[in-house]
Number of protein chains: 2
Amino acid sequence: MSRADAERSASLLKAVADPVRLRLVSAIRATEAGEACVCDLTDLVGLAQPTVSHHLKVLTDAGLLERERRGSWAWYRLVPERLAEVRGILA
Amino acid sequence: MSRADAERSASLLKAVADPVRLRLVSAIRATEAGEACVCDLTDLVGLAQPTVSHHLKVLTDAGLLERERRGSWAWYRLVPERLAEVRGILA
């Protein structure tokens, strides 16, 4: 593994190596529609909206979530290819 | 995902979410015998022995590597079940 590949893979792993972010990924995956808004997620993880928004931003910046604004809320869904990439690092 | 499961999974992911540790895992996996000593790994990753030993300890403490002392050197091999567990977190 090259130094550059290792840097890239480590930053992707760091994005998910957090208990709140793992619970957010798990909560979004568990939804019937495969997507959730911040309004739903604050209840699910029991944290304030700014905290949840911060963690959603880290996941979105890493390409693990896609964000779509509809009305007054942003909706988030998983990017399965990117999650598969994280698993592939250790395959 | 419960809070306790998330804490446990996050700490396992953190152990591998580091570029040097990813390169060490990759280097050990690439060996023919499936194991390597610190003496080999310092050359492979181009870092000093104390640095390499520190990262090997983090991986061993997380259960991702097994350590066996033979003669003057410690030898390290991967624990495939534990790597599979890391992948499973995001499956």
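We use all heavy atoms of the structure for the numbers below, so side chains are in, but hydrogens, waters and symmetry mates are not.
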Quiz item: B/Val79 and B/Ile89: same hydrophobic cluster, using ILVMFWY side-chain contacts below 4.5 Å?
Solution: no

Quiz item: Of all the residues in residues 59-70 of chain B, which have a heavy atom that comes within less than 4.5 Å of a heavy atom in chain A?
Solution: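 Result: none.
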
Exercise. Considering only heavy atoms, give the residues of residues 17-54 of chain B separated from chain A by less than 4.5 Å, sorted numerically, with 'none' for an empty result.
Key: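 Result: B/Ala17, B/Asp18, B/Pro19, B/Leu22, B/Arg23, B/Ser26, B/Arg29, B/Val45.
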
Self-check item: Pairs where residues 62-91 of chain A contributes a residue and the test disulfide bond (SG atoms under 2.5 Å apart) is met, not counting sequence neighbours
Solution: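 Those involving residues 62-91 of chain A do not exist here.
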
Quiz prompt | Under 4.5 Å from a heavy atom of chain A, the part of B/Val16 involved | solution = both

Quiz item: Using non-hydrogen atoms only, which part of B/Leu12 is less than 4.5 Å away from chain A: side chain, backbone, both, or neither?
Solution: neither

Self-check item: Where at least one partner belongs to residues 80-91 of chain A, residue pairs that pass side chain to side chain donor-acceptor pair (under 3.5 Å), sequence neighbours excluded
Solution: A/Arg8-A/Glu85, A/Arg82-A/Glu85

Quiz item: Among A/Ala15, A/Ser2, A/Ala6, which has the most heavy-atom pairs under 4.5 Å with chain B?
Solution: A/Ala6

